[in-house]
Amino acid sequence: MKKAILIIILSAIASTILLSGCYTQIKLTKPTENTTKEWEENNYHYYDPCYWCSPWHYYYYYPWWLDQNYWWEQHYPTTKYKAAPHHERQERQRGLGSALDTIIQAIDSIGIGDSNGDSDNSGSDGGSGGDSNDRSSRRRGM
Amino acid sequence: MKAKIFFIFILLPIIAYSQILGGGNYADPIPSTDRHLPFGIRSAGMGGVGVACSEDYTAVFYNPANLSYIYRFEVAGAIQYDALSFNSNFDNAASGEGSDSYIKLQNIGGVIPVPTTRGGLAVGLGFTRTNTFDHRLQFEGTGDDGILYSGDESVKGGLGKFSIGGGIQVSPHAALGMSLDFYGGGEKYNWYLDRQNSGGTEWPDSVERVIIQDDIRDSYSGIGARFGMQLVPNKYVQLGAYIATPTALYIEEDVCSRTDSLTTGWEFYTEDNYFQTFELILPWKFGGGVALRPTDWLLLAGDAEYVDWRQTEYDEPTWILDQNRLMDESFRATVRWSAGGELTIPLASLRLRGGFSQEPIPYIVTGENISRNTISGGVGILIGELTTLDIATQFNNWDSNGARLDEEYSLSRIWLGLSYRF
């Protein structure tokens, strides 16, 4: 058991030394346009690009972080639930507000119309016809 | 109890393996020191090379520094099929031949590379089988003295390790890495020996029949570590090296030993069941490799590993420490080496592999082929851009002449694996 503990302690020390290596630079941000070029210049000095077998070269030596931009760009949020642009959201809300106003006005007008309708109807029943201000709207309440 | 232990640990292995020279006190054969397996199917196709040229998750087993040159996520696995043929001769009185087969998960693992702007950093983890214990032996026949022998030995199991490690490039031309290895495995051992004497009248020949039947189940666990370094001076040469620390193995053993003696007028039957544990320390391992890339479609590589098996020692329990003084006479230092190559077929998603390896038997044995020579071949097929289907095959044979039992083995092995990168 002592040997096992010793092995783990030595491994922890060694891994600390390894991770503090100064040559390798960890890149955890989205690659720029120059990243690929810089990376190839820094790293392909020990591999000859294989023009006869480029699929194998891609398989073994091409970094995923230069190839799969979705990791950086679409990691969050996804396209499916992408938020609408600000001006579009405003437009939608504006339209929604107008619709609500119209509905509310319609409901209000229904209530007013009902109270006035009886008198209008009674008036019209009198055959007087009335002026244009008393004329009831078509399909009211519809 | 002591007599039973002596029987199990000294007498039985000599009869069963018969690889130790007779006529003296010798330590038990230790299965975990022998019959090593290559790590990964690509390496298997190239004879077992990988210290300098491993380019997949098997770097965590061979040389963790090579992980730093892997730039894509990887998930991979392989299974292994063994077909074993054997011939045996016991005291020139009984002989036998036969075959057996075994299918096992060989390895499974993956790599997690970290994005870098310069250099490389990756973590690898996985399981691989390191040693196989599988073998079979049968013999039957009557000697000149009229005694009939019938024996049957079956061993199934192996040792494997779960490794987790990392590699990092520390300069434009060098990388370092390390891995922790957690060992596990088991062995199911069955031994049957039937000795019949129809005409004996004097002791011990007065015993007309003795039947021995032993069932032993071992389970292994352990820990070790490996430190690797990779040098890439230019695009034509790669140099790799590693040091593996001593491996501490904890062995739990469950034994059922039965002996049935029959003679005229009486029968004597004994059965012993007991459980015991051991701690075994396997020695340091030193390995190196070189890979040459003369062109972009050809890879040539070679590996060698040095182990002084005489430094194998038991740590616990106390009563077995006596075995340690016998190690020098029973084991030897070995250099296990392999060489192989990989040819990329131009304009095709195909890679052809071939290789050769030699593994000396760590016990001091007699016989013509005291090393296991293995010829390997393989093919890798790239499916789409990110998936490979790999097939490898190995053929080897070996023999050993013991004090009473001579053995000859021939092994054919097929590996089938799949790897996916993303």
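The chains referred to below are lettered A, B, ... by the order of the sequence lines, with proteins before strands, and numbering in each begins at 1.
Both tests hold for B:Arg72 against A:Tyr58: distance to the six-membered ring centre under 6.0 Å, angle to the ring axis within 45°.
With a 4.5 Å cut-off on non-hydrogen atoms, B:Pro233 does not touch chain A at all. If you measure heavy-atom distances from B:Glu74 to chain A, the contacts under 4.5 Å come from the side chain alone. For B:Leu382, the parts sitting under 4.5 Å from any heavy atom of chain A are the backbone and the side chain alike. Neither the backbone nor the side chain of B:Ser179 comes within less than 4.5 Å of any heavy atom in chain A.
A side-chain hydrogen bond (donor to acceptor under 3.5 Å, both in side chains) with B:Glu55 is found for exactly one of A:Tyr59, A:Tyr61, A:Tyr60, namely A:Tyr61.
Inter-residue side-chain proximity for B:Tyr71 and A:Trp64 is flagged as unmet; no heavy-atom pair is nearer than 4.5 Å. Looking at heavy atoms from C-beta onward, B:Thr116 lies in side-chain contact with A:Trp65 at the 4.5 angstrom threshold.
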- Task: Give the intermediate values and the outcome of side chain to side chain contact (heavy atoms under 4.5 Å, CB included) for residues A:Trp56 and B:Thr388.
- Result: CA-CA 10 Å; A:Trp56 288 105; B:Thr388 59; 3.8 Å; yes
